[in-house]
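This report concerns only the one structure given below.
All values below come from the heavy atoms of this structure, side chains included, with hydrogens, waters and symmetry mates left out. What you are looking at is a predicted structure, and each value in this text was computed from that prediction instead of being measured.
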Amino acid sequence: MRFGRNQRSICEKFSEYENCIAYACDLSDETAIADLIKRTVTEHGAVRGLVHCAGFDKLSPLYLNKSADVEALFQIHVFAPMLLCKLLSKRGNAALGCSIVLISSLSAHEGATGHTAYAAAKGALEGFLPTAASELAARNIRINIVIPGVIRTQMSQGFIGKMTAEQLESLDSSYPLGLGEPEDAAGLICFLLSEKARWITGQKYVIDGGHMCRKV
């Protein structure tokens, strides 16, 4: 199953995959999230795996941050995944051995200029992990976080597309193995969802093409 706000868009994107069902859900609407989990469990049974990878960024220097933008970022990157985890912790909603994977960002670990609110939200998400993992383990539910560097996605293109040639060259050179592609993160996510990772929970995995260990 794939969830998104635009059902037509996700249907088109995943149309080549068999047995893929698309549902639309606005993750800024808590009632919609609860209804989605209820519908999923009713129609397909207890959830065996969940990846929260919805997101957006609001590029803005600290002095121009607006409360409404900060709240919107926290709603999608913190409150929505917390609510999803809460709902899956309720009896009958998650299958035995269910795995949850949340997506953070290197922005929470380095001085990513203009991304203060986004970085704060991702930092809050990572702070949520240890206690959530402890509580969910009692129900045999695993939860881990993947922390990617810059990956070429529609979201990252929003700020990459605004860079000068010099800035883009600097960004590229800061990734020894080059900027990431979606498939680079997908492999790790699929592993964490699988039975092969059945003994892993409460962990954070940086996947950044060597960015954090580069020569400086």
Side-chain angles (χ1 to χ4, degrees), residues 1-5 7 10-11 13-55 74-105 108 121-148 151 153 182-207:
M1 286 174 288
R2 298 292 186 273
F3 306 122
R5 287 181 298 176
Q7 188 160 352
I10 57 177
C11 280
K13 184 171 293 187
F14 294 98
S15 60
E16 64 185 273
Y17 299 98
E18 295 183 3
N19 302 319
C20 183
I21 303 169
Y23 292 104
C25 180
D26 182 354
L27 292 182
S28 66
D29 184 339
E30 295 187 0
T31 300
I33 295 174
D35 289 344
L36 175 65
I37 294 298
K38 182 178 180 180
R39 178 182 178 184
T40 300
V41 173
T42 298
E43 296 182 1
H44 304 283
V47 176
R48 296 187 297 275
L50 171 73
V51 181
H52 176 273
C53 58
F74 268 72
Q75 177 60 48
I76 298 301
H77 294 287
V78 185
F79 303 147
M82 287 180 67
L83 178 55
L84 286 165
C85 292
K86 170 187 172 181
L87 292 169
L88 290 187
S89 73
K90 293 183 180 295
R91 192 176 303 279
N93 283 346
L96 192 68
C98 175
S99 174
I100 300 170
V101 180
L102 307 179
I103 309 298
S104 183
S105 168
K122 291 303 189 180
L125 184 68
E126 292 186 31
F128 164 73
L129 178 65
T131 301
S134 176
E135 293 189 17
L136 291 170
R139 293 190 175 276
N140 201 16
I141 299 172
R142 299 183 294 107
I143 178 171
N144 296 284
I145 287 181
V146 171
I147 307 171
I151 290 181
T153 64
E183 294 78 9
D184 296 321
L188 176 57
I189 293 170
C190 288
F191 168 73
L192 292 172
L193 289 173
S194 75
E195 183 64 18
K196 293 180 180 179
R198 67 176 188 84
W199 212 48
I200 301 174
T201 194
Q203 301 304 307
K204 297 182 288 186
Y205 293 88
V206 173
I207 176 169

| query | Can you list every pair that meets side chain to side chain donor-acceptor pair (under 3.5 Å) and has a residue in residues 193-202, with sequence neighbours left out? | reply | none
Just how far is it from atom [atom1] of [X] to atom [atom2] of [Y], taken to the nearest 0.5 Å?
{"X": "Ile145", "Y": "Tyr205", "atom1": "CD1", "atom2": "OH", "result": "11.5 Å"}
{"X": "Ile143", "Y": "His52", "atom1": "CD1", "atom2": "NE2", "result": "11.0 Å"}
{"X": "Leu36", "Y": "Asp26", "atom1": "CG", "atom2": "CG", "result": "11.5 Å"}
{"X": "Lys38", "Y": "Asp35", "atom1": "NZ", "atom2": "CG", "result": "7.0 Å"}

| Heavy-atom count around Arg139 CZ within 6.0 Å, excluding the residue itself: above 12? | yes
| If we only count heavy atoms from C-beta on, is the Val146 to Ile207 side-chain gap below 4.5 Å? | yes
| Are side-chain heavy atoms of His44 and Ile21 found at a separation under 4.5 Å? | yes
Exercise: identify the closest heavy-atom pair between [X] and [Y]:
{"X": "Pro148", "Y": "Ser104", "answer": "CD-O, 3.3 Å"}
{"X": "His77", "Y": "Leu125", "answer": "O-CD1, 3.5 Å"}
{"X": "Ile76", "Y": "Ser28", "answer": "CD1-N, 3.8 Å"}
{"X": "Ala108", "Y": "Glu126", "answer": "CB-OE2, 4.1 Å"}
{"X": "Gly202", "Y": "Ala133", "answer": "CA-CB, 3.5 Å"}
{"X": "Gln75", "Y": "Leu27", "answer": "NE2-O, 3.4 Å"}

Using residues 78-100 as the side-chain source, report each donor-acceptor pair under 3.5 Å to any protein atom, sequence neighbours left out, with the distance given to one decimal.
| residue | atom | partner | partner atom | Å |
| --- | --- | --- | --- | --- |
| Ser89 | OG | Lys86 | O | 2.5 |
| Asn93 | ND2 | Leu87 | O | 2.8 |
| Ser99 | OG | Leu192 | O | 2.8 |

| message | Would Leu102 and Leu129 count as a side chain to side chain contact (heavy atoms under 4.5 Å, CB included) here? Give the steps. | response | CA-CA 9 Å; Leu102 307 179; Leu129 178 65; 5.7 Å; no
In a table with atom names and distances, give each donor-acceptor pair under 3.5 Å that connects a side chain of residues 184-191 to protein atoms at least two apart or in another chain.
| residue | atom | partner | partner atom | Å |
| --- | --- | --- | --- | --- |
| Asp184 | OD2 | Glu181 | N | 2.7 |

